[in-house]
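See below for the structure under consideration.
Letters A, B, ... are given to chains in the order of the sequence lines, protein chains preceding strands, and every chain is numbered from 1.
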Amino acid sequence: MRDELAKTVERLRDRLREVRESRGTGDRVTETDGGQEVGADEERAVGTDRRVVERSAFRRLLDHDAVQSAPFWLPPFLLMGFFVYAAIGWNFAISLTDYQGFGEPDYSVLDLDNYGAMLSDPAMWAATRNTFALLVGFTLVCLVVGLVLAILLDREVRFGRTLRTIYLLPMSLSFIVTAQFWMWMYNFNFGIVNQLLGVVGLGPYSWLGNPDLVLGSVVFALIWQFSGYTMVVYLAALRAIPDDQYEAARVDGASTLRMYWRVIVPQLKPAMVSASVVLVLFALKAFDFLYAIWGYRPRRGADILATKMVREAFNKQEWAYASAIAILLFALSLAVIAPYLYQQHRQGNL
Amino acid sequence: MTDGGNRESIDRRTFTKCAALLGSGGAAALTGYAEQDQQWSNTMELMHGWTGGDGAEAVAALEEAFQNEYPEMDTDFRAIGGTGNVNLDQAVAQRLRAGDPPSVFAGWPGPNLVQYEGVLGDIEQDVWNEAGLVEPHADEVVEACRFNDGFSAVPIGSHRMNDLFYNVSVLDEAGVDPESIDSFDAWLDALDAVASETDAVPYANSLATWVVLQFWAVNMLGSQGFDAYMNFIDGEGDEAAVRAAFENVQTVLSEYLNEDAAEIDFTEANQRIMSGDAAFIHQGNWVAGAYVNEDLTFGEDWGRIQFPGTEDMYGFHLDSFIYPGNQLDNPSPEESKAFLRFAGSETAHVAFNQYKGSIPTREVPTDEFSPYLTETIEDFNSVDQRPPTIAHGLAVTQDVQSDLEDALSDTFLDPYDVDAATRRFMEIV
């Protein structure tokens with residue numbers, strides 16, 4: 001027993017020594033060609049190092065930061081590439097076909113017919129116009145309302161925290177819920193909006209039925225939901241402005257209005273830019289809200305590109321045409337976000 | 001030991017009981033098996049849209065009747081909510097596209113089937129011929145279920161599309177005799193009388209596009225006749241006829257309609273008929289189910305006439321069960337076909353339709369049906385013409401119907417632009 005144990009310990013010791021030795025020269029060993037001997041002497045090792053520098057294109061590539069950090073960025077890059085960009089690319093490919101119904105898309109004939117059809121489709125123009133009106137109206141009013149709320153709350157009013165929570169709360173609700181709320185509030189006969197207007201002798205108006213009013217009604221509801229978000233973004237920026245600047249403006253004799261207009265608001269520009277990007281993207285996604293009220297076919301005047309796209313796809317099974325609309329929506333989103341990204345890039349934030 | 005012995009004897013008795021139970025269960029199973037003479041191995045999954053009220057009751061009655069006949073088969077009756085089959089159609093489309101079809105799904109037959117080109121199976125031999133369904137069904141019904149030189153659907157019931165429902169006491173108050181309404185102008189006089197003599201809204205409805213489309217169709221039938229309508233859906237419409245129908249629609253909607261029609265759905269409009277706040281509503285006769293549910297009496301509380309000008313017609317709507325197959329494999333061909341053979345039978349039609357408020361499309365004894373439905377069944381069998389509904393897949397394909405609804409939404413739903421709507425209708429069909 002004892003003899004065997006001693007033998008085992010001896011074997012292990014030998015093995016350890018071997019490992020240590022091979023480690024000492026290991027790096028060079030892997031660098032050399034396959035023909036090099038393991039455990040080469042010092043001179044030969046130096047010689048191989050020189051040769052490594054000479055034929056080092058591959059080696060330099062391996063040393064490159066991008067390659068060294070590949071384990072960190074490559075998996076998400078592949079996932080994003082496949083599930084986002086490849087999907088967009090595939091969508092674009094479908095938009096070039098005539099795919100409809102339940103068959104398989106035929107990729108042998110590719111053309112831009114669907115984009116041509118979009119140009120001559122009057123409903124398409126109406127949807128694009130509505131999308132822009134919603135986008136611009138919603139974003140601008142949200143920015144203004146949010147700014148006013150933020151400035152008021154920043155002045156340390158009583159119950160400021162409570163009010164902040166109350167204003168922000170609607171944003172935490174889903175579109176489906178708020179759509180139902182507003183359907184009740186806009187109800188022609190019993191809705192609170194018409195009841196209140198009735199007190200001053202106006203109405204009743206068909207807020208969600210009248211094609212001239214409907215987009216305004218939707219935009220108003222969305223503003224209610226998202227101005228709390230702009231408020232929070234502004235508020236964070238306002239809190240970052242040192243009190244000195246308020247005091248300095250006061251000492252210089254600026255009125256409150258002038259102080260905000262000249263000193264404070266200009267410093268909110270970055271907050272405004274990032275808030276508007278988020279708002280515009282929300283507006284492009286207003287689909288949920290409209291779908292919750294009307295389903296596939298919103299009231300005329302409230303049909304936007306997103307609802308039109310879904311109607312073409314899931315109601316009429318016109319996959320190719322719907323894909324073309326999707327590409328247009330994608331281009332619109334890019335047009336919104338590209339200037340922002342470019343600006344960030346120039347400022348060195350990206 | 002004595003205790004132990006007791007326990008053992010109880011055990012033995014329990015055992016005997018269990019054995020008896022098992023034995024009888026097995027015997028029952030065996031008899032069931034013998035009756036069917038077939039082993040069912042797959043679950044029959046049926047997708048339908050009847051989630052609430054009369055529809056849910058009807059489909060429950062159908063399921064029960066089916067399980068009575070086929071106790072051995074596993075079934076999964078899956079309800080997908082939403083009016084007008086919108087959500088159902090979408091859910092079915094997703095399943096079909098994913099290559100995972102249900103065994104059977106509910107839907108409109110006729111040109112509506114065209115959208116499923118390539119994914120519907122042929123059941124002519126295994127269902128229609130084997131169950132002998134052609135003979136007892138009306139010609140229009142059989143035609144509607146044909147698809148690609150075979151059959152892909154089985155009818156389950158039909159709603160009537162050319163009823164004009166009214167509240168009896170409102171018409172009494174207005175001094176209108178419904179039986180005297182025999183033309184569109186006579187109806188306008190009646191609407192005027194309601195407007196001037198009562199507080200009720202003369203005509204209640206929703207301005208949902210499909211509601212306006214079916215109202216246009218019934219006006220086309222009433223004022224321009226069966227041939228003009230059939231020519232239109234065949235693509236040879238006469239512009240003057242289309243325009244005249246639109247003018248009638250415009251007159252009624254712009255002068256007699258409830259103000260909030262754009263916001264409400266038809267059930268809410270129908271509530272006003274029941275509560276006496278409105279006089280007339282034109283709808284498919286699914287609204288009559290609500291009258292029955294509210295315990296209102298036919299002839300006393302509510303009544304109906306044929307839409308003026310369509311007295312000899314039955315506005316033809318059809319619900320059916322559709323069989324997926326062909327490029328897709330039906331998950332349970334044998335079970336699906338057994339169900340479809342059953343769905344076309346007298347038992348199924350009676351079980352389903354007496355609750356649904358629709359009528360069987362084959363000849364059945366009418367004693368299970370309400371007086372109103374009995375009258376409808378008699379009309380169905382005796383009328384000269386059965387024009388297919390344009391708003392429910394029987395007259396035009398799904399994409400044409402959707403385009404027509406788009407056209408109404410874009411041009412006609414307030415303001416009522418007759419010229420533009422006529423132009424678009426003529427272009428589309």
Side-chain angles (χ1 to χ4, degrees), chain A residues 94 99-105 120-127 129-130 182-191 193-194 203-214 217 291-303 307-308 310-319 321-322, chain B residues 82-87 89-99 101 114-120 206-210 213 257-265 268 272 277 324 326-328 397-403 405-415 417 420 423-424 427:
Chain A
I94 289 177
Y99 184 28
Q100 58 176 35
F102 291 100
E104 291 291 316
S120 56
D121 181 351
M124 202 52 218
W125 287 106
R129 203 177 51 234
N130 292 337
W182 282 96
M183 271 171 82
W184 287 328
M185 287 199 268
Y186 282 139
N187 183 294
F188 184 82
N189 297 308
F190 317 108
V193 180
N194 277 334
Y205 296 102
S206 180
W207 296 105
L208 294 178
N210 185 333
D212 298 330
L213 292 177
V214 61
S217 311
Y291 187 80
I293 298 181
W294 289 286
Y296 283 130
R297 193 177 279 100
R299 192 87 179 109
R300 173 162 60 96
D303 194 18
T307 46
K308 168 116 176 118
V310 171
R311 186 165 69 245
E312 293 291 342
F314 294 97
N315 187 224
K316 299 186 189 174
Q317 325 280 358
E318 296 278 0
W319 306 108
Y321 191 49
Chain B
T83 51
N85 289 357
V86 172
N87 294 348
D89 287 349
Q90 190 189 340
V92 167
Q94 274 168 7
R95 292 281 299 271
L96 293 178
R97 230 178 3 261
V114 171
Q115 63 179 311
Y116 302 116
E117 178 72 55
V119 293
L120 297 187
S206 158
L207 271 188
T209 48
W210 64 271
L213 183 59
L257 186 68
N258 48 314
E259 280 181 287
D260 57 350
E263 288 184 27
I264 62 173
D265 65 3
E268 207 174 326
R272 299 190 191 157
D277 295 321
N326 198 352
Q327 292 168 17
L328 302 177
T397 56
Q398 158 70 16
D399 51 337
V400 170
Q401 183 185 322
S402 185
D403 285 344
E405 290 189 39
D406 277 351
L408 286 175
S409 174
D410 293 343
T411 63
F412 195 68
L413 294 187
D414 193 14
D417 185 343
R423 202 164 49 240
R424 286 280 292 278
E427 280 167 16

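Between chain B and the residues A:Pro298, A:Gly301, A:Gly101, A:Pro211, the most heavy-atom pairs under 4.5 angstrom are made by A:Pro211. Comparing B:Thr209, B:Leu328, B:Val114 by how many heavy-atom pairs each has under 4.5 Å with chain A, the most go to B:Thr209. When the candidates A:Asn315, A:Asn210, A:Ile293 are compared by the number of heavy-atom contacts under 4.5 Å with chain B, A:Asn315 comes out ahead. Among the candidates A:Asn187, A:Val214, A:Asn189, the residue making the largest number of heavy-atom pairs closer than 4.5 Å to chain B is A:Asn189.
Evaluation of the ring-ring contact (aromatic ring centres under 6.0 Å, His included) rule for A:Tyr321 yields no partner, not counting sequence neighbours. With sequence neighbours excluded, no residue forms a ring-ring contact (aromatic ring centres under 6.0 Å, His included) with A:Phe188.
A salt bridge links A:Lys316 with B:Asp406: at least one charged nitrogen is closer than 4.0 Å to a carboxylate oxygen.
Only the backbone of A:Tyr186 comes within contact range of chain B, with at least one heavy atom under 4.5 Å from a heavy atom of that chain. For B:Gln401, no part lies near chain A; criterion is any non-hydrogen pair under 4.5 Å. Both the backbone and the side chain of B:Gln115 come within contact range of chain A, judged by heavy atoms closer than 4.5 Å.
Listed here is the closest heavy atom pair of A:Gly209 and B:Ala262: CA-CB, 3.5 Å. Between B:Gln90 and A:Tyr291, the shortest heavy-atom contact is OE1-OH, 3.6 Å.
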Subject >> Chi angles and distances behind the side chain to side chain contact (heavy atoms under 4.5 Å, CB included) call for A:Ser206, B:Glu259 >> reply: CA-CA 8 Å; A:Ser206 180; B:Glu259 280 181 287; over 6 Å; no
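Judged by distance alone, the side chain of A:Arg299 and the main-chain N or O of B:Ser409 form no donor-acceptor pair under 3.5 Å.
When only modelled atom types and interatomic distance are considered, A:Arg300 and B:Thr411 share no side-chain donor-acceptor pair under 3.5 Å.
Atom-to-atom distance recorded for B:Glu117:CD and A:Gln317:CD is 13.0 Å, nearest 0.5 angstrom. Taken from OG in B:Ser402 to CZ in A:Arg297, the straight-line distance is 4.5 Å, to the nearest 0.5 Å.
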